[in-house]
Each structure stands twice: as structure tokens, then as C-alpha cells.
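Here is the structure we will look at.
Here is how names work: the chains are called A, B, and so on, in the same order as the sequence lines, proteins then strands, and each is numbered from 1.
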Amino acid sequence: MTHEIVISGFGGQGVLSMGKILAYSGIMEGKEVSWFPSYGPEQRGGTANVTVILSDKPISSPIVDKYDIAVVLNQPSLEKFEEKVKPGGSIIYDGYGIHNPPKRKDINVYKIDAMDEAVKMNNDKVFNMIVLGGLLKVAPVAQLENVMEGLKKSLPERYHNLLPMNKEAILRGMEIIRQENKAEINEN
Amino acid sequence: MTHEIVISGFGGQGVLSMGKILAYSGIMEGKEVSWFPSYGPEQRGGTANVTVILSDKPISSPIVDKYDIAVVLNQPSLEKFEEKVKPGGSIIYDGYGIHNPPKRKDINVYKIDAMDEAVKMNNDKVFNMIVLGGLLKVAPVAQLENVMEGLKKSLPERYHNLLPMNKEAILRGMEIIRQENKAEINEN
Amino acid sequence: MAKIKGYVEVDIERCKGCDLCVAACPEDVLELQPREVNNKGYHYVYLKNPDNCTGCANCGYICPDACLTVYRKKFA
Amino acid sequence: MAKIKGYVEVDIERCKGCDLCVAACPEDVLELQPREVNNKGYHYVYLKNPDNCTGCANCGYICPDACLTVYRKKFA
Amino acid sequence: MNENNIVNPENIVYKKPKLMNDNYMHYCLGCSHGVVHKIIAEVIEELGLEEKTIGIAPVGCAVFAYNYIDIDWVEAAHGRAPAVATAIKRLNPDKMVFTYQGDGDLAAIGTAETIHACNRGENIAIVFINNAIYGMTGGQMAPTTLPNMKTSTTPRGRDVRMTGNPIKILDMLVQLNGVCFATRHSVHTAAAVKKAKKAIKHAFENAMGGKGTSIVEIVSTCNAGWKMTPVEANNWMVENMFPMYPLGDLKNI
Amino acid sequence: MNENNIVNPENIVYKKPKLMNDNYMHYCLGCSHGVVHKIIAEVIEELGLEEKTIGIAPVGCAVFAYNYIDIDWVEAAHGRAPAVATAIKRLNPDKMVFTYQGDGDLAAIGTAETIHACNRGENIAIVFINNAIYGMTGGQMAPTTLPNMKTSTTPRGRDVRMTGNPIKILDMLVQLNGVCFATRHSVHTAAAVKKAKKAIKHAFENAMGGKGTSIVEIVSTCNAGWKMTPVEANNWMVENMFPMYPLGDLKNI
Amino acid sequence: MSEEISLMKGNEAIAHAAIRYGVDGYFGYPITPQSEIIETLMEAAPWETTGMIVLQAESEVAAINMVYGGAASGKAVMTTSSSPGISLKQEGISYLAGTELPALIVNVQRGGPGLGTIQPSQSDYFQTVKGGGHGDYRLITLAPNSVQEMADFVELGFKLAFKYRNPAMILTDGAIGQMMEKVKLPEFRPRRTEQEIREQCPWAALGKTPDRKPNIHTSLELDPVIMEKNNERFQAKYREIEKNEVRYEKIQCEDAEYLFVAFGSAARICLKTIEMAREEGIKVGLLRPITLWPFPSEIIGQYADKVKGMLVVELNAGQMVEDVRLAVNGKVKVEHYGRLGGIVPTPDAVLGAFKEKVIE
Amino acid sequence: MSEEISLMKGNEAIAHAAIRYGVDGYFGYPITPQSEIIETLMEAAPWETTGMIVLQAESEVAAINMVYGGAASGKAVMTTSSSPGISLKQEGISYLAGTELPALIVNVQRGGPGLGTIQPSQSDYFQTVKGGGHGDYRLITLAPNSVQEMADFVELGFKLAFKYRNPAMILTDGAIGQMMEKVKLPEFRPRRTEQEIREQCPWAALGKTPDRKPNIHTSLELDPVIMEKNNERFQAKYREIEKNEVRYEKIQCEDAEYLFVAFGSAARICLKTIEMAREEGIKVGLLRPITLWPFPSEIIGQYADKVKGMLVVELNAGQMVEDVRLAVNGKVKVEHYGRLGGIVPTPDAVLGAFKEKVIE
Ligand SMILES: Cc1ncc(C[n+]2csc(CCOP(=O)(O)OP(=O)(O)O)c2C)c(N)n1
Ligand SMILES: Cc1ncc(C[n+]2csc(CCOP(=O)(O)OP(=O)(O)O)c2C)c(N)n1
Ligand code: SF4
Ligand code: SF4
Ligand code: SF4
Ligand code: SF4
Ligand code: SF4
Ligand code: SF4
Ligand SMILES: [Mg+2]
Ligand SMILES: [Mg+2]
């Protein structure tokens, strides 16, 4: 089983590190993984994205242009990636960042109000963990314990005290994600 | 008719400009010419040489490694070029610069005491013109008037007052050159 | 006595919410939108206390993104 | 009175006849060969007035080609 | 009082310069580059040099300067802007040619080109943005990085025993006869902006007047590279950069 | 008196240094390079650094320095000797590493490498032969060529309005904290040679002592490039070069 | 999960592998997309552990000449950059080759020409394997296609460089440099002591000991007769390397009726294309050159007798395809599919091109 | 004798031709064997006559970037150097290509690699025609084989450079640069006025007038989609040049059973070899590429059907031979004879090699 996932949002939204945690989780799960970022000049702002592939087999191309799952955290990301989701695939979007939700009918659409939830939790920093929780709910590519292992690996030692808070955020994300559309596939 | 000539001596002996005058003379005579110098880092001393080719036909290679005539003005030059004279060709050497004269029997050997003559004429600068005179005697590749035209062309205007003196030196060179060996060619 | 009043127009879509104008304003006129963002995702600046504005243009000079048009008028 | 005498040996084949030692010698000891040249074609230096030499080594210091060995001895 | 009384073109006291177009600038929020761009646009306009100016953009965050000011531009290879400007000015002596360069561009890879253009006294102006870091490539150490300052290639702070002290390139350049004007400014307050503008104007006038090379250093912030907010960066600059790079004229003849 | 009384090893007061081999030097008659080579050979010997020294030869007339002094040598690309020396010294901190460079090499194409090695305070010594010309390539203008001086690329004399003034690179380098010793000498008299030797010795000691970068400029002649006899060249140097490049220490800490 | 497996970028892998291999010195100048290499090194501060020197140079030109100096003293030294920076190093690279010094250079390619783009590209193939610098020389060229190979080729590059006294290049690109994959880093290996270097590299300029002649490193020789001899020695060495060091990978080539030839990131994409093609029943294999020089001409020549056609896939306008054609020498059709300017083709685009150009 | 004929070095001919052609600016740094070019210009002081600017730059890197600047302002500008100096210019050359600016660069080659030798060589062929700099670009490359052509190709080089907005290179060597031959210099041609430049080169950065948008010269494009388009435009232009601008000379090819392929000074030597071979009754001709890029592949391909074998003669270890083989595509044997490190082969050595390698 191979999951080709793209995560996309504003520069500061923790897109790349969310991808990294996901990839580490995959490793903990014993999978092959690849993580391929968009990269550019350093200026802040603008949109960043990362392609994460998790697979039971060696990964051939780390670069793809159709995705099983797209996680989009702002409007430009949705505009860029909506059309690149495979029919029958899924899109997850954040309700705060996106005003015009996805329109495609042949994909599963999930909404997660992660930003609002983060504000509620009084902690901007967990925004991307909430999203990750949502993603893991939709596509359980790794078990929670392995995700926590991956998180541990990808955080410097000095931040390990934050692990419980992150776990809570992930769990919260799993709870609050809601399906808005179920893919209608016309096989003809 | 093609003449492939090399002139070789110490850096300061006016070898390159002698070659240039010869080449210009050839042009005045209506010939095709080429002039190819040895070149190196600028330091004084060491040996310089120039290959001059005069021909009725377009010149193919300006670089050759057998010569019809070699004019050698110091010992290292003789050592380098004696073997490169074509059988039946000629070598011209200056008696002051060369202590061990050429040994080959299959070439014509000419001696010219140009340095001594220049001292006699009280003018170091005409040394190379005396040698040129000798060369022209041995191989009349250009008529004197054309040589003088060539000289004029190759000298900056401000030195044109020196033309008569140079002419005298060339004539002197024609006079003092002496044949020391006549080529014995074994055609077998 | 003549009274000087100012006003500042913000080009919201150019504004990156850098806060420099806010810090530079001597009259506490400006503030970043606490929640609203523009299309680039920035909390842009708005006039919290427009009446305080003197039109001194400090904000305009230091805005790196040339978002601000500053007006100033003397009232009799 | 003690008398100091000097002498200079010239490595003729290294000498390029640059004349610097000649100019540097305070005792007019040295001169370039007016006619003779070495194998490189240079008019090398020789001791024209060897008796004048004091072994001050000026010539040696400034010779760029390290041709000169300078001797110096005090005679009682 | 109604704001409509005020919002009227005749009451405008500050606005985006005419020569600056509407393109959205790629710079990080709060980056000093934008302020300097505005100044340059204003000065060109005020001197009436729109049709005579050729700007040389560097490799650095300001590489896209050409997208924002509507004059003719040439984007130079990293560090080579002074060489590029030299040729353009020599070949077109009646034009106003200026370079716009960062500290990495001007004082690291471009050291030779900077010094020799200044030494020849090329009639150009150099606007030098010293933000003590390589902004564009992600915040590496620049020649002007302060001692103990953290950058991505000096994660524990610049150790001057390993990497040398910050280079005060202006102090070196003023020694060259070709330099007619060398000055240091900043753009963190309205007053500073006005002074910097005067300096740049003077530099551009020198370039047109054939007086030699003028160089205007703008001590700047790179809040992204410094990992601060723009406001913090300004304060940090005043506290830390100004002592090392004191503002004011170093030469003006 | 019999000369044999004198010609005896024990009476030798001056001779070719031991570290200088018998190879015939390629330099023009009277070239200053040879004198400086002798000094370097003597200093290395006197400091007992034969086994610890690595010399960096430039591209310039002294490119063949490696043929004459029997130590380990690395021939650097034109202008890059300070970079080459930087790495060798950093990787081998107990070695004595020096560069030997001409004015074209050090102050034209190598300007950036020179300035940055000095700024980092690399523990190396730089011997800088300033003969105000590109000797090796046939006498073109160097950055240090004097105003109105004729060279093959300034056949009517260097016009400083076109090419700039001579660069006094030492005056720029002394401003850098990394430089511990900067001094100017010549080798046209025995006394001068002795002083130059002391300076080079000090520089080499600094390099071993980890005190930073030392640079010894030797104001030199290039009689071939200057189109004079060696003796004329020395006189011309005293008259014309010394006023522009005054001898003496610029920095010694 | 073994503790040894980490997830990191190709650029980071190079840095960590260099420290572990016992590299003595790194000299570099920042440029996207490879600045992580120097940043990772600076973060790791190996001068405090292995003694490795890491220096941010004032320019790429300075950096390559630092490498030249370090190499001349027998040290294992390296530099890394990306395309424009590599162009600036060409004189220095030619000097390394002309002086027969071992060194490792990494080019994390981006699209050109000029300042170009920072996205991945393979358009410096010619520059690398034909000679971007002047003179007849060759760079041993390794083309990793994974983060693991980024790590592994540091050691391989140095081994080959020292074995043949020749600079080696890792030619990779922004995709491999920026992506993260699992990687097993090599074991730590102590840096060689000066004594070891003096023994293993008797040519090293480390100070002349009385038992030997001076070690002189120069590429200059004014006597053309000697210079020609030097060049003939280089050429003989190159022939030797061509004989011994060709490396490539064959993937599903046994029954292949068609062949892809691709290296580095392009080869990764072809892997997926092969999967797709095989699903459609098209028998296609991939020949992946690992050494770009020496080039696997012989094996490609052999396949020319077996397959019906070849497609060379590159992130450029057609460079390696020339070497493939030279190897094939007219025996079979060799087509090229390339994308330019930082675009990385998708596997289906490659498949489409393959069908259009190669299968009639 | 016409007054117009002079005797001069190839290097001098380039300088005089540049002045007469109305070149606007020369920027260079001395290096043997081509310093006569800048020296001749400085002696001629054209700034006093035609207004041409001549500047000795602080380095080759500065010089090529001056050329870049001058070219961006629409001027006819040039630089000259020799092999190591040309290596330093590679970044700048790639920028010129990436920004589509016309300029003339002259490489008077010497032997390499490294500092090498100052004697003639042709070992920068690959560097020139394949891309010494980074990215997919091409240099229009002219290879003169006489002093006359040195003079003539200044004009030709600029014409092509401006026609296609692409840098052009004269690739020659120390032999052609240093030798004197008769030459007829071109007529004086006035330099273009600013008005003319504005008309002929509307892209020139000369100050924005109200009637047009800003002229911006940049090779940067971060959007790979646009960057690919740029590159596709370059490639289309290159195809156009390949279609229109191939130049070569055929000598005694009509009845040839064998073919020499050689350029520049090597071609001169082959001329004599042909004479010698024909005296022995061997029918051999010479195909001399004048443009090295675009390469005369088509005509060589045609001869592959006619002759029994080809010998490529170069002053290098085998570079152009690859392009000949690509053109021949296996149809006939293509052998190589090269001398290295500054050695210029003699005509009989070439004849010997020909007999040994090509005639069985
Ligand atoms: C030859 C070359 N080397 C390196 C780079 C990468 N690079 C781009 S910008 C830059 C430094 C920018 O720093 P600075 O000049 O200080 O400008 P800033 O971004 O800080 O304004 C570097 C190293 C490049 N593009 N070209
Ligand atoms: C990259 C490069 N550029 C130019 C040259 C040619 N070149 C050799 S030596 C030299 C200048 C020498 O002048 P200087 O450094 O003053 O040394 P000098 O010969 O005067 O002692 C030049 C330009 C070269 N070899 N390499
Ligand atoms: S004009 Fe002055 S008072 Fe008004 S908002 Fe701006 S800074 Fe504040
Ligand atoms: S300074 Fe400009 S960009 Fe920054 S917050 Fe104020 S208006 Fe917005
Ligand atoms: S030692 Fe002194 S006195 Fe003797 S020759 Fe030399 S310089 Fe003259
Ligand atoms: S200084 Fe030396 S080289 Fe010159 S003349 Fe005297 S001994 Fe000869
Ligand atoms: S990285 Fe620094 S210099 Fe660059 S745009 Fe951002 S703040 Fe400005
Ligand atoms: S050219 Fe000048 S520097 Fe070079 S060896 Fe001759 S005199 Fe010395
Ligand atoms: Mg900066
Ligand atoms: Mg010099």
C-alpha cells in the first residue's frame, strides 16, 4: 500500500515539519518513506508544500503529480492542489484558512477547524499537530504510538517535554475532523 | 618555390624583428609569407627563434620541423636546429656566438662574423641587419629594393632616418658571409 | 487655533502586518488586525484610533511595502 | 694595525651580468667582462681591482642570482 | 470631523512613489529593502532621471528590485554589480548608473570588483544594504556579521577567531582616491529615512556629475535571518549594529 | 698577499644560502625576485623551519620559485595563493605557511582572497613583491603602477583618470584586525636587504606563533618591464616608487 | 527499527557522511539548493570532535582554491556548491586535475543558464563529464539517486579520488539534495594522522623531510615535450579508470525490449515509469549509470544489440544522450526526453514520451 | 602591392579589426598568448578616434561581467583571454547566454589543464561547444585558421551574436594568435549612435523612455514553468542557428577516398599533409569546420557514405572527434590523432598517423 500525500499552506504554518513527523511515523511503522519539499528563497510568506510518500515497497519517484491525499491550509494551496487529487482520493482543509471550499465531487472532502481549535487550546504551535491528527484519522498510515515515536525523533531533545501536549493535539484533531463530501465515482 | 627558414639566437639579438623584415620583404616581392615565433614568459635571456616561410603559393602549415635554412646566432640554437635542416639545406652561424661550429656534412654551412663587424661599425644595433644581409646573399628570396621596402614597413616612421645605415649593414653582411662547407649529398 | 488632522489609507493587500508602522506612530493610531488576514494570510494594519492621527507620515516613511497613503490637513 | 682584506668568488655561469654588484661595490673592485660571455651569453662579472676588496659583502647581498661568495679576513 | 475632508489628493503628504509599480514585493514583512526601494524611486523621480537611469540588481534578496521600480535594470551575477556598472557607465557616460548590493554580494564574493571600481573612481553610485547576513539563502554569516551573532552557519554565534571580525568595508574604501562620497545611514525611523534619502540623492548627483564613486551604506535589518520580529530587529540594530557601523559621512568631497 | 689565505671556508661572510639549490634562475638579469628568494631561504634555515615550511608560489614571474628553494611548495592559481595558504595552514596548524605573490596576483585578481585571508587573521605570512607591473606577461599595468608610468597597456603612461590611482593595498590591510604585522621594504642595497630579512623573519615567526597574518611588501624593480637596466631601475625605484610606497612598518603588534 | 536509520535530506546526509568518513576539511560558500550542507556541518561542529575543519569561504573561487591547497597537503578535502557556483570553480577544478590532486566536489544542480532557477536540473552534465574547465582532463563523476547514495558516495568519491589522484565530483540535483529519505550513515572512521598521510601520500606537501626531495605541486610546464608527457600520463590514468571504475545499475533489463537510460533523480522517475509500462505489458528496463565518467559505454553498447530502442531521460535539453549515442554507434534508435528549467517530469509524462518517440 | 595589406599577428589583427568594425568596448585581463590584443588596442588608443572604450579589468571575472553590462546596454563589446582565464569566465558566459545578450569572446587557447603551458592547444573544444558553464546553452563558435580569418571573424562573430542575441566565441590558439601573415583589414565602420542602438536593439537598457516598458535583463526565473519556456525559447533559437549558420570549408574533397576533419591551426597542418599524401597518390581531402557550433554534422554525415575512413586531427586528446562520430553514426571508421600539452604536430607526423590508423 502506498500513500502519496501533499501538505500545503503558508510558510509559517508548520507544513514541512508536519510532513517530517508523518515521514518519521512511517519509518517507525516500518515503511519506506520520502519527503520532498517545495523550496525557494528564504523570504517569509508565500506558500510552502511537501510531498510525503509512505509505502510498503521501495519508493520509486519521490516526485509525483497526483496525490492520494492533499492537506490544504490556505486558499492558494487549495487552488493549486484540488485538481491534483486522484479520483477517489481525499482532500483535508482547514476551515479558517479556506473560504471557498473544494468543489470536486469525485473526491472525499474533509474539513478540520484546526486553527480555531488551536486558539481554543491557547496554543498556535499545535495547529499543525491538530491537522496531523485529522490526517491520521482519515488515513491511518501509522499507529498512534509510532506517530509519537516519530514525533520524538523529529523533535530536538530539549522539546521532548512538549510531547504530551502534541499528543493531545493529535487526538483532538482526530476528533474534530468532519467529512463534507464522499467521492462519487462514475465508473464508465 | 618555398623557403622555410628558422632564425634563432639570444633574446636580445633581434631575431624576431629580423624575421619580420624578411617576411615584409617577401610581401614586397609579392610572395605569401608566414612568421611564427617561439614565445614564452617575458623574462630576458634564453633563446628565441622564429620560423619564416616565403612562398609563391599559399602557405599551408606555418609550423614545420625541417628547414631549408637555419640562421643560428648562439650555441644552444645551433644545437637545437642543426639536425632540423633538410639535407642539402643551409646553416648560417655567427662566429662570435658559436664556438663549436656545425658538424653535418650534408648541408651547406656559412659563417658570418656579424658581431665583430657590428663592433667594427661601432653599432650593436645593426648586428641583425648584417646577418640578414648574409642570409639574403645565401638565399636571395627578395631583391634589395624590396628588402628596403620591407624594412621601411616594419620600422616605425620615427626610425626611418636609420634606413641608410641598415642598408649599409645588409650590404656589409652580403660581403662578409663565407661558405665553410658545401653539402655532400649521397643519393642512394 | 489651527488644528492639524491626518488620515492614513492602508493598501490592505500589500500590507504584511510587519508592525513597523504601528511601532513608529507617535499617536497610537495604528494596530494590526487581531484576527482578520488578507489574501496572503497577513494580519494587516488598520486605524484603531483614527482621530489621533496628525498626518505626521512617520508610518508612511518606514513602511517597507509602501502600503500607506498619508493625508494631512490644517483646519481653521 | 689590523688590516681587513676581502675576496669574492664569482659563479660565472650563474652570473647574468646585471651590473648590480658592480654598482654596489664601494671599492670599485668589480666590473663586467667587456667582451667575454658565459654560456648563456652574458658578460659576467670579474674582479678588476681584487686588492681593493674589503669583504664588505655588499655585492653578495644584492646579487639576485646568488653568484657571489664573499670572504673576509683580518690580517694582523 | 469627516475623513472625506482629508482624503483628497491635494492633502497627500506621503504615498507610494510614482516610479514604484504595483507589483507585490517578495520581501519578508518588515524588510529594510522595501524602504530603500521607495527612497530610490523617489530620488530618481525628483532628479528627473527616469529616462537616464540604469539600475544594477545584485544576487541577494534584492535580486528582484527590477520588478518594483520602473526603470531599466540589469541583474548582475553575485558580487559583480560594480563591474557591470563600470561598463555601462563607461559606454554610456551620460546615464545615471547605480548598483544595489547586499553585504554578501558587495563585501564577500564581490570584494575585488567593489574595490577596483571604487579605485578607478567609476562615476557610479553604490547603494549598499548591510544587514549583516545572507538573507536570500537563508541567513548565513556575512562578512559584516557581528561577533557572536547567530546565523545559520554560525549557530553558536560568530566566533571571530575562526571567521575573522566583521569587515567595515567603507572604512577601507574611503582610502581610495576614486571614492568621492562614502556615508552610512539607516531606515528605521522617519528621520533616518529622510537622511538616507538625502545621501542617496547626493550619490546619484555625483554619478551624473562625474565626481567619482559614491557609496551609501544602509545599515539594515533582516528580521527573517536574525529570527526576530521586525520591531525587535530594529531595536537590535540600534543597539548592536550602530556601535560597529556608526552612522554618518566618512568622506564627502 | 695571497688570495688563498682568504679563500677558505672559515672566512666566508656571504654565500648562496644552503636551502637554495643550484638550479639556474629563470629571472631576468638584475630582477629583485632573486634577492628575495635568497632571503627567504636564509630565514627558513635560520629558524630551522626546513621541515615545517610550505611555500605557495603565485602565478607571476615567481611562479617557478619552487625550483630554487628546497622546501615543499604548492603553486597556486593566479591570485588565489592566500586561499590555498589558508587551507594548508588550517589543516596543518603546526606548519609554517607563506605565500609569495606579485602585485598583479595579490592586488588585482587576488584582491578578495588577500583581504579575506587577512581579515580572518590566517596565521600565514605573505611576501608581496610590488614591482608596479605585470612582469611575467610582458609588462602590463598593475594595480600598483605609478601615475604616468609607461607599461605595455599604458604606452603613453598610466592615466589615472582612466585607470585609477595606484592601490596602496597595505594601507587597506592594516585596518583589518587579523593583520598583526604589515611592513614595507626594498632590496636594492645591502642594508635594505638586511632589514627586509629581519621583517620576513618576523613574519615567519608570527606565522608559527599564531599571531595572525603578516604581510611584508618588497618594493621591487622589474627592469625588463620598466625597460631600463637593473641599475637604472634601482635608481628609478628610489626616486619614484618610494614616495608612493614609503618604506617602514605600518603595523606591528 | 535499527537505531542507525535516520530520516534526512540528501544535503544533510552528505554533511554527516563527510564527518563520519573522517574528512579533514570542508570549504564552501552558500548557495541554494545546497546550503544545508555547510549549515549541517556548522551545527555539528566537527572541529570539536573529529578535528575536521569547516570554513565558509568568501566565494566559490576561494573555496575551490582552499580545496586545492588542502589536497596538496594530502588531506581529504571537499567543497560543495550549485551550478553557478560550480562554474566559478572551473579554473580551480582544472588545476586540481592538472596537478593530480584528490578532492571531492559536490554539485547540487539547479536549472540554468545564468542565475536560472533554484529548482532541480541535470543540465551540468556536459560541464562535468566533458570538461567545464580548460584542457584535457576528466572528473570522476558519481550520480547518486537517493539520500542513501548521497551518504555513500562521499566515501566512494574520496576513495576513487585518492586511488587515482584525481578530483571526483558528486553530480546531483536539488531534488535529491532537498528530499528526505531513510539513510544509514557510515561508521565513524578516524581522520588520518599526519604520519599516516605521509606514508599513504608520499607526495603530500607537509614539509620536506631530509629523506626525500621537495614535494612540489604545480600544473605548469613550459616545455611542451614534458607537458605532453604529463598529459599522456593523465590520459593513461583516465583509460585505467575507464577500465576499472565503471558503475551502473540494471533494473528489469533481463527481458527488456526497450531501455531507459537515466541517472540521478531522472532515474527515480523512470523507475515508476517502468512499473507503469510493465503494467501495460511493455517490456522496458532501466540502465542507470552511476558513474557518469567513466561512462558505462560498453554495457550500453551491448544492449544496443538486444533492445529495439532506447530513451534517454534527463532534466536537460539532451546531454548524456550524446554519450549513449556514441556508445550505441548507430546500432539502434536512441531518443531523448528532457525537461528544462527546473521542471521535473512526472512518470506518466515519461511514459507518454516513450510511447511517442521510441515505440513506433 | 595594395596599401591595405599588412603583416601582423593574429592577435593584432583581432584588435585592429575590432576598432574598424566599430566595437564599443573591450574589457580584458592580460594572459599569454593573447596579451597583444589589449596591448595593440591600448597602443591604438581608439577612444581618441572611434570612441571605443578599452579597459584593463582587475580580473577575467570582472572583464566578462563588464562585457555582460555593456552588452545589456546594447553595445558591441568583447573580451579576450586564454584557457585558464576563459575558465574563470564560465559563470559570466552562462549569464550572457541565459540573458540572451550578444557579445564576442575570444579564447586564444594554450595547453592545459591547470596553469599548463603557454604553447598552442585546442583542448578547450569541449568547454566551448558543450557548455563550460552551467545550464543548457550554446555558444556560437568560430574557428579561424589564418590571421585573415582572425580579422574577419570579429565582424562575423558580432553579426551572428546580434542576429541571435547570443554570445559568440572565436576559438583560436597560440599558434594563430602569435603568427604573422598578410592580412587585409576591414573598412572602418562608424560605431552605432545611441539612437541607432535604440532602434536596432529595442531591448537595450539605455534608460526607459515613456514609450516602452522597462528593459530588464535577468536570467533569473523562479517559476519553473516560465523558466522552462525560456529554455525552450533558447533551444528553438539554437535549432534555428543550427539550420542557418553552419560554415565549413571543403578542400580537395571531390575525389577524396579519405577525409581529414580538423579546425584552426590543426587544419593548416592537415593542408600540408594532404599535399604530401596526394603526392603519394592517396586521395584525401579536408573538411574544415569553421563553425564548431553549430557543427557541420550534416555534411560530415554525407561524407560518411562516400569515404572509406576519416581522421580527426586535433591539438587535444580527442574532443571534436566525438561530434564527428555523432555525425557519422557508425557508418564509417572515425579515428583520432591528437598531440597534447602544447605540441603542434608536424605534417609528416599527421601523415604517419593517418596511414597507421585509417588506411589498413
Ligand atoms: C555565484 C553565486 N554564489 C552564491 C549564490 C547564492 N547566493 C544568492 S544571494 C547570496 C547572498 C545574499 O546575501 P547578501 O548579498 O548580503 O544579500 P541579502 O540577501 O542579505 O540582501 C548568495 C550566497 C549565487 N546565486 N551565485
Ligand atoms: C587566471 C589567469 N589570468 C591571467 C594569467 C596571466 N598572468 C600570468 S602572471 C600575470 C601577472 C603577473 O604580475 P605580478 O603578479 O605582478 O607578478 P610579476 O610577474 O610582476 O612578479 C598574469 C596576468 C594567468 N596565468 N592566469
Ligand atoms: S501619520 Fe503619523 S500619527 Fe498618523 S498614523 Fe501615521 S504615524 Fe501615526
Ligand atoms: S509598515 Fe506597512 S506593511 Fe508593515 S504593518 Fe504597517 S502598513 Fe503593513
Ligand atoms: S665584498 Fe665589498 S668590496 Fe669586495 S667586491 Fe664585494 S662589495 Fe666590493
Ligand atoms: S649582481 Fe650577480 S648576477 Fe649581477 S653582475 Fe653581479 S654577480 Fe653577476
Ligand atoms: S530574508 Fe532578510 S533581507 Fe531577505 S527579504 Fe527577508 S528580511 Fe529581507
Ligand atoms: S620580467 Fe620583471 S619581474 Fe619578471 S623576471 Fe624579468 S625583471 Fe623580474
Ligand atoms: Mg545581506
Ligand atoms: Mg608585478
Chain F contact via G:S59 - which portion, at a heavy-atom distance below 4.5 Å: side chain
Where G:W47 and G:L41 come nearest, the two heavy atoms and their spacing: CZ3-O, 4.1 Å
Closest-packed option against chain F by number of heavy-atom pairs under 4.5 Å, given G:G70, G:G69, G:S94: G:G69
Best-contacting candidate, G:L55, G:V77, G:V67, against chain F by heavy atom pairs under 4.5 angstrom: G:L55
Most contacts with chain F, counted as non-hydrogen pairs under 4.5 angstrom, among G:A62, G:G25, G:A72: G:A62
Among F:K197, F:K18, F:K198, salt bridge (Lys or Arg N to Asp or Glu O under 4.0 Å) partner for F:E46: F:K197
Lys/Arg cation over aromatic G:F158: G:R192, 6.0 Å, 45° cone: no
Interchain contact, F:D94 with chain G, by part (heavy-atom threshold 4.5 Å): side chain
is_close_aromatic(G:F234, G:Y137), centroid dist under 6.0 Å: no
Donor-acceptor pair between F:N23 and F:N67 side chains, under 3.5 angstrom: no
Chain F contact via G:A63 - side chain, backbone, both or neither, heavy atoms under 4.5 Å: neither
Side chain, backbone, both or neither of F:V63 within contact of chain G (heavy atoms, under 4.5 Å): side chain
Heavy-atom contact with chain F under 4.5 Å, split by part of G:I216: both
Contact summary for F:G210 and F:N123, nearest pair of heavy atoms: C-OD1, 3.1 Å
Aromatic ring proximity F:H78/G:Y95, centre distance under 6.0 Å: no
Atom group of G:I64 that falls short of 4.5 Å from chain F, counting heavy atoms: neither
Ring centres under 6.0 angstrom apart (F:Y100, F:H33): yes
Contacting moiety of F:L91, where chain G heavy atoms sit under 4.5 Å: both
Short side-chain donor-acceptor distance under 3.5 Å, G:K89 and G:S81: no
Contact winner vs chain G - F:K52, F:R90, F:E50, heavy-atom pairs under 4.5 Å: F:R90
Interchain contact, F:D70 with chain G, by part (heavy-atom threshold 4.5 Å): both
Part of F:T86 lying under 4.5 Å from any heavy atom of chain G: side chain
Under 4.5 Å from a heavy atom of chain G, the part of F:E113 involved: both
